[in-house]
Structures are given as C-alpha cells and as structure tokens.
Novice: 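Below you'll find the structure I mean.
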Amino acid sequence: MTHELKKIIREYQAATSKGLKCVLATVVALDGSSYRRPGVRMLILEDGHMIGAVSGGCVEKEVVRQAQSVFTDEISKIMTYDGRYRLGCEGILYILLEAFRPDKQFLETFEKTLATRKHFKIRSFFEKRGLQCRLRLNGRIWPGRITLAAGFHPQEEHEAFEQNMKPCFKLFIIGAEHDTVQLCSFAAMAGWEVTIVADPSEEKNISDFDGAHDFLGILPESFPLGEVDQHTAIILMNHSYSKDLKYLLTLKDSKPIYLGLLGPYRRREKLFGELMELSPEISYDFLDGIHGPAGLNIGAETPQEIAISIVAEILSVVRKKQPMLLKNKETGIHD
C-alpha cells in the first residue's frame, strides 16, 4: 500500500499548488468482510476529485458527501458504511475522515524515507466522534499539521489502528523487447517501481516503456546489486542466451525475493549447466530459487497474457500463496 500513499502525497502536492483543500479518508476498522481491508486510503480534493479508493467503487460517493463537513469545519470524524444492507458485502466499514495538510518537513522526510527504502509506521487514533493520524518515519512521530489539531495526544479511550509500511516493491526487467513493454505496463499498474535494464547497444530510453520508474543502459557487470533487497524482483527477458548467462553470473550472490528467467525448460537447464562450469562454487539454493520458465501456467500465449502470468507468479511468491481458484477456497478471500 506504500505506492498508494505515495500517489496520495504527490496528488496532495499538486492540489495545494492550485489552492485546493484536501481530506484524507482511511479505513481504520472493519466488521465482517469487504473489498478492501483496513489501511486503504483515499484523498478527496475540494473540487470533488478523488485519488485512490476505499472499496471497489460502491462506497466512494458517500465518502465524498460525508467529507464536505470536514472541508467546512476541519473537524475530523468517523463515518460508518454498512455494506450488509446496501451491497451484500457482509461487512461494516469504519472510515476516518480528516483534513490533510502535511507540512514541508514531513513531505521531505517522507520522500527521503521512500528513496532510502526504509520501513515506517502509520498510526490512526480514533473514537466514534473523531480521529487523528500520526506517521512514524525514521523513528520519529510526525503529527505536525497532518493531524486534526496541533499537539494532539492519544488518550486511553482512543482505539488505534497501526499499519507497518514496507518500501515500494521494485521490479528490475532485464531486456528491452516488446514483451518487456507489456510487463512494464502491467507491473506499473500494480504500483511497482519498474526499472528497465537494457544493453547500451539497444538505443532505447525510458520513454519507450510506459510506466517505467527508471531506465539503465548498462552492461551486466554494472548492474546495481546494492539496490537489490527483499522487496525486489528481477526477471531476465533478454532473448539472448549469452546475455542471460552473463547476468546470472552477476546475480549469483544477490538475494531478490524473486528471480525469473524467460524461456523453456531445456534452455534453462543448458544455462544452469554452463553456469556451474563457469562458477563451480555457485549455490544450489540460488539455482533452485530461479523461476524459469517464469510465470504461472494459465495458458498464456500473447505478450500481454505472458506479462499477466509473470506478475501473478511474482505476487504469489511475495505473498507466499499457492495459486488456486478462489471458488475452491473454503476460508475468506483475504485469509
């Protein structure tokens, strides 16, 4: 959800440059089931424009209507939305509405936290008649002007919703062909920060890849291994055996949460064989951890379908879920 908060912050900055007030809506509690879980946020601008959503689209109009009083008097409040009677979702949403106006120091710290890929926490304190939100960045509590009132201190009677926020998920796509364009687009729509890594001879740039966060025109030995962490996925899509081999040699000591390899089983085995000849000390755990052929077996054929299968596999690995049909799942969807 960090990418959603990042978008909210960016849109807030754009709105304030136009002189528009903003209200932040946060789902802080849920009784039963709902399309989204607590922690999801939506920004409402004074002109009625919305950034993000707190449901599948059925609650948002009521949230905007309820937010009007917060625009007027800047007094935060809790609204409830009972989907049992209106939507059949079997759940009651508790949504905190508060004036949103973080100061310059907070915004700078938030951007630094994103850039350094640090974890942070968000705490929302609330009761039925009002709420306040605090963000903890780099070990410091930031109420500032993001709360309803300066100097807010939570009381014992306040309920608290705490959310641990991870760095934005990062995907390195090594390759610059047509299928890379499709995977980049789908991954960006999922909120991932996509970096395209291409050979300098490709003569490509970031404008060739819709949704890309960064572009690196480098050789394998220059790959930024220091940027690889447990919130990073890498996939090799070079369509070049020799390039994939060089990158595997470069990546052999890295520990991304996912490492994918495009191409059939026989190609993968041939790569592994040559890789072990060139680097006998290579870890078997590294080889076992490579997802090749990349993607889930959903019958994908087109570049777009293959991209979907790869994004789905990465999600299943990151969330530690075994892919299955939801109709065969006996417990709740989010369990």
Side-chain angles (χ1 to χ4, degrees), residues 1-27 39-54 57 59-77 79 95-118 120-124 130-138 140-152 163 165 167-170 185 188-195 205-207 209-215:
M1 293 185 185
T2 302
H3 70 277
E4 294 176 324
L5 180 59
K6 180 176 75 171
K7 184 175 182 180
I8 282 173
I9 294 292
R10 301 279 167 79
E11 293 290 341
Y12 160 78
Q13 292 173 302
T16 53
S17 69
K18 301 175 184 177
L20 295 173
K21 292 182 180 180
C22 299
V23 168
L24 181 67
T26 305
V27 177
V40 64
R41 295 172 180 80
M42 178 175 79
L43 189 70
I44 305 137
L45 307 188
E46 198 174 13
D47 61 3
H49 185 61
M50 297 178 291
I51 295 91
V54 295
V59 181
E60 283 65 26
K61 288 183 180 179
E62 180 64 17
V63 174
V64 172
R65 189 183 73 81
Q66 294 271 2
Q68 298 312 305
S69 66
V70 183
F71 280 117
T72 301
D73 56 29
E74 297 194 345
I75 297 176
S76 59
K77 67 180 183 181
M79 64 165 283
I95 304 171
L96 165 62
L97 301 174
E98 57 184 328
F100 189 69
R101 46 181 189 275
D103 60 20
K104 181 180 179 181
Q105 191 175 21
F106 166 80
L107 295 173
E108 290 175 351
T109 303
F110 180 75
E111 291 297 331
K112 183 178 179 180
T113 301
L114 291 181
T116 54
R117 299 183 62 74
K118 293 182 178 180
F120 60 98
K121 293 181 179 180
I122 300 178
R123 288 177 180 168
S124 295
L131 311 162
Q132 302 261 346
C133 179
R134 288 188 171 193
L135 279 74
R136 180 187 292 273
L137 302 179
N138 295 335
R140 179 175 176 184
I141 292 287
W142 286 87
R145 285 160 49 194
I146 198 171
T147 59
L148 173 62
F152 168 77
Q163 187 178 18
M165 306 292 281
C168 291
F169 192 77
K170 180 184 290 188
S185 177
M189 282 192 287
W192 301 353
E193 293 183 347
V194 182
T195 296
N205 58 61
I206 195 169
S207 65
F209 304 92
D210 186 36
H213 178 76
D214 199 3
F215 178 90

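Counting begins at 1 with the first residue of the sequence.
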Novice: Checking H3 now: which residues fulfil side chain to side chain contact (heavy atoms under 4.5 Å, CB included) with it, not counting sequence neighbours?
Specialist: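 Expected list: C168.
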Novice: For the atom pair CD (E108) and CG (D103), what is the distance rounded to the nearest 0.5 Å?
Specialist: 9.0 Å
Novice: Taking only residues two or more places apart in sequence or in another chain, which ones pass salt bridge (charged side-chain N to carboxylate O under 4.0 Å, His left out) with E11?
Specialist: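 E11: no salt bridge (charged side-chain N to carboxylate O under 4.0 Å, His left out) contacts found.
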Novice: Aromatic rings F209 and F215: how do their planes relate, parallel, tilted or perpendicular, breaks at 30° and 60°?
Specialist: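 F209 vs F215 ring planes: parallel.
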Novice: Between T109 and F120, does a side chain to side chain contact (heavy atoms under 4.5 Å, CB included) hold up when you go through it step by step?
Specialist: CA-CA 11 Å; T109 303; F120 60 98; over 6 Å; no
Novice: Do side-chain atoms of R41 reach the backbone of G39 as a donor and acceptor pair under 3.5 angstrom?
Specialist: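 Yes, R41 side chain to G39 backbone: donor-acceptor pair under 3.5 Å.
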Novice: Distance check, rounded to the nearest 0.5 Å: Q105 atom CD versus F110 atom CZ?
Specialist: 15.5 Å
Novice: Which atom pair, heavy atoms only, marks the closest approach of V194 to A188?
Specialist: CG2-N, 4.0 Å
Novice: Working to the nearest 0.5 angstrom, can you tell me the gap between K21 NZ and T16 OG1?
Specialist: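 Interatomic distance, K21 NZ to T16 OG1, rounded to 0.5 Å: 13.5 Å.
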Novice: Rounded to the nearest 0.5 Å, what separates atom NZ in K18 from atom CG in L45?
Specialist: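 CG of L45 is found 8.5 Å from NZ of K18.
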Novice: Contact between M79 and V70 at the side-chain level, heavy atoms closer than 4.5 Å - yes or no?
Specialist: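 Result no, sub-4.5 Å side-chain heavy-atom pair not found.
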Novice: CG of L97 to CD1 of I75: how many Å apart, nearest 0.5 Å?
Specialist: 13.0 Å
Novice: Tell me, with the steps shown, if I122 and T26 meet side chain to side chain contact (heavy atoms under 4.5 Å, CB included).
Specialist: CA-CA 11 Å; I122 300 178; T26 305; over 6 Å; no
Novice: V64: which residues meet the side chain to side chain contact (heavy atoms under 4.5 Å, CB included) condition with it, sequence neighbours left out?
Specialist: I44, M50, Q68
Novice: How would you list, by chain and number, every residue that makes a salt bridge (charged side-chain N to carboxylate O under 4.0 Å, His left out) with K170, sequence neighbours excluded?
Specialist: E227
Novice: Side chains of I9 and F100: closer than 4.5 Å at any heavy-atom pair?
Specialist: yes
Novice: Could you measure the distance from the CG atom of L43 to the CG atom of L5? Nearest 0.5 Å is fine.
Specialist: 10.0 Å
Novice: Once salt bridge (charged side-chain N to carboxylate O under 4.0 Å, His left out) is applied, do any residues pair with K7, and if so which ones, sequence neighbours excluded?
Specialist: none
Novice: Can you list the residues that meet the side chain to side chain donor-acceptor pair (under 3.5 Å) rule with D210, with sequence neighbours excluded?
Specialist: none
Novice: List the steps and the verdict of side chain to side chain contact (heavy atoms under 4.5 Å, CB included) for L114 and T2.
Specialist: CA-CA 9 Å; L114 291 181; T2 302; 3.7 Å; yes
Novice: Please check if the side chain of K77 supplies one atom and the backbone of Q66 the other of a donor-acceptor pair under 3.5 Å.
Specialist: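 Yes.
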Novice: Would you say the side chain of L107 lies within less than 4.5 Å of the side chain of E111, judging by non-hydrogen atoms?
Specialist: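 They are not in side-chain contact.
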Novice: For residues Y12 and C22, report the shortest heavy-atom separation together with the two atoms involved.
Specialist: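 It is CD1-SG, 3.7 Å.
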Novice: Which heavy-atom pair separates V54 from A25 by the least distance, and what is that distance?
Specialist: CG1-O, 4.3 Å
